**Student:** 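Shown below is the structure under consideration.
Residues: numbered from 1 along the sequence shown. What you see is a predicted model, and the numbers here were worked out from it, not measured in a lab.
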Amino acid sequence: MNLSKRKYAIIAGLALILMAVLAGYAYGFVYGSLVFPQEGQKTLESIQKSIGTFKSGIAAWVGILILDLLVAWALHLFFKEVQPRLSLATALIRILYSGVLGLAIYHQVAVLSVLDGGGTASQVMQELKAFESIWSNGLIIFGLHLIGLGFLGWKAEFVPKFWGVLLIFAGICYSAIHLAKALFPQQIDQIISIEQVLSLPMAFAEIGLAIWLIWKGGRIPSHIKNLSQ
C-alpha cells in the first residue's frame with residue numbers, strides 16, 4: 001500500500017512542478033509579452049508578428065489541462081484512504097475546473113481563427129477577454145479544490161498539518177479573490193493589489209506540496225521501518 005501511495009505522490013508532485021513551468025511560460029512569458037490589455041492594435045500586431053510563440057503558448061495551456069486531470073487522479077488515490085468521499089469530491093472539483101479551463105483555452109484558439117479571417121483588433125481583444133474572464137471564474141472552483149485538499153491533508157496522519165492549513169488558506173484566497181473580480185469589477189485595481197500580496201502563499205501552497213510529495217510523500221516513516229526490521 002505504501003509503495004502505491006509513494007508512486008501516486010511522485011506522479012502528482014512531478015505533474016504539479018511541470019504545470020508550474022508550463023504556466024510560467026504560457027501566461028508569464030507568452031501571454032505577458034504579447035497581450036496588452038488596454039492596447040488592442042498593439043496586441044493584434046504583436047501576436048501577428050509572433051504567431052508561432054502564441055501557438056506554443058496555447059500548446060502549453062493544453063499541456064496544463066492534461067496535467068490537471070493527471071493531478072486530480074493521482075491526488076485522489078494518494079488521499080483516498082483518509083476520507084474516500086471527500087477525496088473523490090475534491091478530484092471531481094478539479095476535473096470540473098479543468099473543463100472550465102478548456103473552455104477558456106478555446107477562446108485563445110479562436111484568436112487564430114480571427115486572425116486567419118482578417119479580423120479586427122477589437123475581435124481579438126474580445127476573445128482574449130473571454131479567456132481571462134472564464135479562467136478567472138474557473139479559479140473560484142479551483143480554490144474549492146484546494147480547500148478540500150487542505151482538509152484531506154489536515155486529516156491525514158501521513159501529511160504534516162502545515163500543508164493542510166496552507167492549502168485551505170490558499171484555496172480561500174483563490175476563491176475569494178476571483179469571486180471578488182466577478183462581483184466587483186469596478187474595484188479591480190484594489191483586488192489585484194490584494195492578489196499580489198497573497199500571490200506568494202497561494203503559489204507556495206501547491207509548489208511546496210509538490211516538492212514535499214516528491215521528497216517524502218508516501219514514504220514509510222523511519223520509526224516504522226525500524227520496527228519492521
Side-chain angles (χ1 to χ4, degrees), residues 18-65 67-68 96-146 169-207:
L18 182 54
M19 281 176 60
V21 173
L22 290 177
Y25 177 75
Y27 191 69
F29 175 69
V30 176
Y31 202 85
S33 64
L34 298 182
V35 177
F36 303 88
Q38 306 303 323
E39 301 178 70
Q41 189 59 36
K42 185 176 180 179
T43 297
L44 173 64
E45 292 172 358
S46 68
I47 294 176
Q48 287 176 327
K49 291 177 182 177
S50 304
I51 193 68
T53 301
F54 187 75
K55 288 180 178 179
S56 71
I58 294 174
W61 281 111
V62 173
I64 291 169
L65 173 59
L67 289 169
D68 257 318
L96 176 60
Y97 159 73
S98 300
V100 176
L101 177 61
L103 180 59
I105 295 170
Y106 164 79
H107 286 280
Q108 283 210 31
V109 176
V111 170
L112 300 177
S113 298
V114 170
L115 294 177
D116 288 341
T120 64
S122 63
Q123 289 176 309
V124 169
M125 295 306 293
Q126 183 178 355
E127 296 295 346
L128 293 174
K129 287 178 181 177
F131 161 76
E132 293 180 6
S133 177
I134 293 170
W135 183 37
S136 179
N137 290 335
L139 289 173
I140 300 172
I141 301 172
F142 180 73
L144 298 178
H145 162 77
L146 289 185
F169 175 74
I172 292 172
C173 290
Y174 267 107
S175 293
I177 287 171
H178 290 281
L179 184 61
K181 286 182 179 181
L183 296 178
F184 309 107
Q186 68 278 10
Q187 304 295 330
I188 190 65
D189 291 338
Q190 294 90 327
I191 296 170
I192 290 176
S193 296
I194 295 172
E195 183 179 23
Q196 289 173 343
V197 173
L198 296 174
S199 61
L200 183 59
M202 289 164 64
F204 181 67
E206 271 208 308
I207 297 302

**Student:** Assess whether side-chain contact (heavy atoms from CB on, under 4.5 Å) is satisfied between His107 and Lys129, documenting all intermediate values.
**Tutor:** CA-CA 9 Å; His107 286 280; Lys129 287 178 181 177; over 6 Å; no
**Student:** Under a 4.5 Å cut-off applied to non-hydrogen side-chain atoms, are Asn137 and Ile140 in contact?
**Tutor:** yes
**Student:** How about Thr120 and Met125: do any of their side-chain heavy atoms sit closer than 4.5 Å?
**Tutor:** no
**Student:** A quick test of your reading: do over 12 heavy atoms of other residues, nucleotides or ligands sit less than 6.0 Å from CD of Gln186?
**Tutor:** yes
**Student:** Could you please spell out the steps behind the side-chain contact (heavy atoms from CB on, under 4.5 Å) verdict for Glu45 and Gln41?
**Tutor:** CA-CA 6 Å; Glu45 292 172 358; Gln41 189 59 36; 3.2 Å; yes
**Student:** Among Ile141, Leu139, Leu144, find the residue that satisfies the side chain to side chain contact (heavy atoms under 4.5 Å, CB included) test when tested with Ser175.
**Tutor:** Leu144
**Student:** Check the pair Leu128 / Tyr31 against side-chain contact (heavy atoms from CB on, under 4.5 Å), numbers first and verdict last.
**Tutor:** CA-CA 10 Å; Leu128 293 174; Tyr31 202 85; 3.7 Å; yes
**Student:** Could you tell me whether a side-chain N or O of Ser136 sits under 3.5 Å from a main-chain N or O of Glu132, the two making a donor and an acceptor?
**Tutor:** no
**Student:** Has Gln126 got more than 12 heavy atoms of other residues, nucleotides or ligands less than 6.0 Å from its CD?
**Tutor:** no
**Student:** Hey, could you give me the CG/CD1 distance between Leu103 and Ile134, rounded to the nearest 0.5 Å?
**Tutor:** 4.0 Å
**Student:** Would you please classify the geometry between the Trp61 ring and the Trp135 ring as parallel, tilted or perpendicular, with 30° and 60° separating the classes?
**Tutor:** perpendicular
**Student:** Of all the heavy-atom pairs spanning Leu34 and Ser50, show the shortest one and how long it is.
**Tutor:** CD2-CB, 3.8 Å
**Student:** Measure the spacing between OG of Ser133 and NE2 of His178 and express it to the nearest 0.5 Å.
**Tutor:** 11.5 Å
**Student:** Which atoms form the tightest heavy-atom contact between Ala20 and Ile207, and what is the distance?
**Tutor:** CB-CD1, 3.3 Å
**Student:** Where do Gly57 and Ala26 come nearest, in terms of heavy atoms and distance?
**Tutor:** O-CB, 3.7 Å
**Student:** Whether the side chain of Thr43 engages the backbone of Val35 through a donor-acceptor N/O pair (distance < 3.5 Å, no angle test) should be reported.
**Tutor:** no
**Student:** Checking the side chain of Ser33 only, and the main-chain atoms of Val30 only, is there a donor and an acceptor separated by less than 3.5 Å?
**Tutor:** yes
**Student:** Should Tyr106 and Phe131 be marked as a ring pair (Phe, Tyr, Trp, His ring centres under 6.0 Å) after you check the CA-CA gap, both sets of side-chain angles, and the distance that decides it?
**Tutor:** CA-CA 8 Å; Tyr106 164 79; Phe131 161 76; over 10 Å; no
**Student:** Run the side-chain contact (heavy atoms from CB on, under 4.5 Å) check on Leu179 and Phe184 step by step: do they pass?
**Tutor:** CA-CA 8 Å; Leu179 184 61; Phe184 309 107; over 6 Å; no
**Student:** Counting only N and O atoms by type, is there a donor-acceptor contact under 3.5 Å from the side chain of Ser46 to the main-chain atoms of Lys42?
**Tutor:** yes
**Student:** If you compare all heavy atoms of Gln123 against all heavy atoms of Gly119, which two are closest, and at what distance to 0.1 Å?
**Tutor:** OE1-CA, 3.0 Å
**Student:** Apply the side chain to side chain contact (heavy atoms under 4.5 Å, CB included) test between Ile194 and each candidate in Leu198, Ile191, Val197; give the one that qualifies.
**Tutor:** Leu198
**Student:** Could you report the tightest heavy-atom contact between Asp68 and Ser98, atom names first, then the distance?
**Tutor:** CB-OG, 3.3 Å
**Student:** Using side-chain heavy atoms (C-beta onward) and a distance below 4.5 Å, is Thr53 in contact with Phe29?
**Tutor:** yes
**Student:** Is any side-chain heavy atom of Val111 closer than 4.5 Å to one of Ile58?
**Tutor:** no
